[in-house]
Amino acid sequence: MPWQVEQRGLEPVPPDERHLRPRSILWTWLAANIGVLGVSLGSGLVSGLGLNLWQAVIVTVVGTMGAFAFVALVSIAGPLSGAPTLVASRATFGVRGNRAPAVVSWLVLTGLEVMMATTSTFAIANIAEILGFPSGPLLDLPVALVLIAGVTAAAYVGHSLIMWMQKWLGWVLGGLTAALCAVAVTTVDWPVVMAAPAADFAAVLGGIGVVAAGTGVSWMSAGADYTRYLDRTQSKKSLFGVTIIGAVVPVAVLVLTGTSLALGNDQATGIALPDWLLIPYLIVAVLGMLTSATLALYSSGLSLQAVGVPGSRPRVAAANGALVAVVTMVVVGARATSGDDAVLAGLTAVIGVLAVPLVAWVGVFGLDLLLRRDVFTPDLTVSGPESDYWFRRGFHVPAVASWIVGSVAGLLCVTVAVGPTVWFSGPLADTWLGRNSLGWLVAGIAASAVYWVLEPLTRSPGAPGRAHPSS
């Protein structure tokens, strides 16, 4: 039943309770990617990179497919192991070696939740001001608390409610978003849009990086959290396909709408809508935040448990929601009282940096999934030396070393800046890779390459945690 609180946390789902089908995963990612924030991403491709419409089509499809291909790959671990993502990856990193990636996953997903809550609060405040209501802390803070309370309640109940919500809100959001986009593009001067000059190839590559970072990169550690209720006999090709389709379709519609608006009218940073559509716009913004933020809070709670935080899954979800509320209050309060976005900009920068080791983790774990489909055994929750995944003192050295090397390689290409202030600039940040925001891709490729070399050097038929390679 959707309203029954899920007590299962890190424990693998028994085979007789895995009744989910791949089409449910389609709705999971479709609903998570529907929201008016995608329009801003599209307008940024024009204002920031100078892309034209056809280039925006290319970077949207390639960037979203590339990022969610990693999400789809990690999702395969769900039906294979029946365990959440950051529990399944113990088979690759070892019980202790897996804790650092779990911390990174928790930070990224929690930061994503705060960003979505604050952005939605600001959207509601803007609409309220347009409609003539007073704005400021007295409106913003209660709105943020209500939003987070709703998200926390859904994450507390758990998997069945979330999957039910994603399906039905996907229908509602899909219809409303399609209507909003259809009305918005009627304001566009299409001859002007089609006559826009093309940007250079470097800008296209940069756009791919921007779209990937703004869509699937933050979700890479969440995939198996939702597919663990699929039977392991379900088609992996179908799972991969529905994940990609569920993400690409809504992102493409929203980003291309934003691109068209930025090229074809004066509303370069938003949607030009008649007053009678402001309320539907607000509904889409809030529901879009609800679908995405619930996934982030649920998965961040599982990551927190994988780190070793004690407590049942519902209690950890509630505590995590309380923490998100506190951080969100700080961000919203700073903006509401001073109009300063520095705190939110700093949080965004930190999440961007943490995405680099997250992709490096996917590079190692994903390669292990491709090389050994039978790597999982029933004792994933055993955390002591008796675990099959204890390796050497709890660490699978080739995996941990590859993750560190990949993370460092990616960070060398990264610049972290908040406004005009540069916090950090890697020595390769001014190279072709750094200028095109491809540090995350460098991290994934480098980690995979190093693991490809190191792992066979320690593999043997009797090695702990290593099942025989799949034939």
Side-chain angles (χ1 to χ4, degrees), residues 5 9 32 35 37 86 99-100 102-126 128 135-158 161-162 218-219 221-222 225 285-355 358 416 418 423:
V5 176
L37 299 181
L86 267 301
R99 289 174 183 168
V103 170
V104 172
S105 171
W106 173 70
L107 289 172
V108 169
L109 290 168
T110 302
L112 185 64
E113 159 72 17
V114 173
M115 290 169 58
M116 287 184 288
T118 53
T119 304
S120 297
T121 299
F122 299 155
I124 293 172
N126 290 337
S135 61
L138 293 180
L139 171 67
D140 295 351
L141 294 176
V143 165
L145 282 176
V146 170
L147 291 175
I148 295 171
V151 169
T152 303
Y156 181 91
V157 174
L161 177 60
I162 291 172
S218 298
W219 295 113
S221 64
D225 297 344
V286 173
L287 292 182
M289 173 267 180
L290 183 64
T291 58
S292 299
T294 301
L295 294 183
L297 189 59
Y298 178 80
S299 289
S300 64
L302 292 173
S303 295
L304 198 56
Q305 283 191 287
V307 173
V309 173
S312 65
R313 188 210 60 79
R315 289 184 178 180
V316 172
N320 203 32
L323 176 62
V324 168
V326 171
V327 177
T328 302
M329 291 301 98
V330 173
V331 177
V332 172
R335 162 72 179 270
T337 55
S338 67
D340 188 1
D341 284 328
V343 177
L344 181 59
L347 177 63
T348 303
V350 170
I351 298 305
V353 172
L354 291 174
L358 189 64
V416 184
V418 178
W423 288 1

Minimal non-hydrogen separation, L112 against A296, with atom names: CD2-CB, 4.5 Å
Pairs where residues 309-321 contributes a residue and the test salt bridge (Lys or Arg N to Asp or Glu O under 4.0 Å) is met, not counting sequence neighbours: E6-R313
Spacing of L86 atom CG and S221 atom OG [to the nearest 0.5 Å]: 6.0 Å
Rounded distance (nearest 0.5 Å) linking atom CE of M116 with atom CG of L295: 8.0 Å
I148 versus A117, closest heavy-atom pair with distance: CG1-CB, 4.1 Å
L147: side chain to side chain contact (heavy atoms under 4.5 Å, CB included) partners, not counting sequence neighbours: S120, T121, I124, V143, V286, M289
Heavy-atom pair with the smallest gap, counting every atom of V5 and P314: CG1-CG, 3.7 Å
Nearest heavy atoms of I162 and A155, plus distance in Å: CD1-CA, 4.4 Å
Partner residues of A154 under the side chain to side chain contact (heavy atoms under 4.5 Å, CB included) criterion, sequence neighbours left out: L161, M165, T294
Interatomic spacing from CG in L302 to CG in L297 - rounded to 0.5 Å: 10.0 Å
Pairs where residues 296-333 contributes a residue and the test ring-ring contact (aromatic ring centres under 6.0 Å, His included) is met, not counting sequence neighbours: Y226-Y298
Minimum heavy-atom distance G111-I351, with the two atoms named: CA-CD1, 3.6 Å
Side-chain donor/acceptor of T118 to backbone N/O of M115, under 3.5 Å: yes
Would you list the atom pairs, donor with acceptor, under 3.5 Å between side chains in residues 320-330 and any protein atom, with sequence neighbours excluded?
unit_1: N320; atom_1: OD1; unit_2: W106; atom_2: NE1; d: 3.0
unit_1: N320; atom_1: ND2; unit_2: S300; atom_2: OG; d: 2.6
unit_1: T328; atom_1: OG1; unit_2: V324; atom_2: O; d: 2.7

Got a list of side-chain donor-acceptor pairs under 3.5 Å for residues 303-310, not counting sequence neighbours?
unit_1: S303; atom_1: OG; unit_2: S105; atom_2: OG; d: 2.8
unit_1: S303; atom_1: OG; unit_2: S299; atom_2: O; d: 3.2
unit_1: Q305; atom_1: NE2; unit_2: G311; atom_2: O; d: 3.1

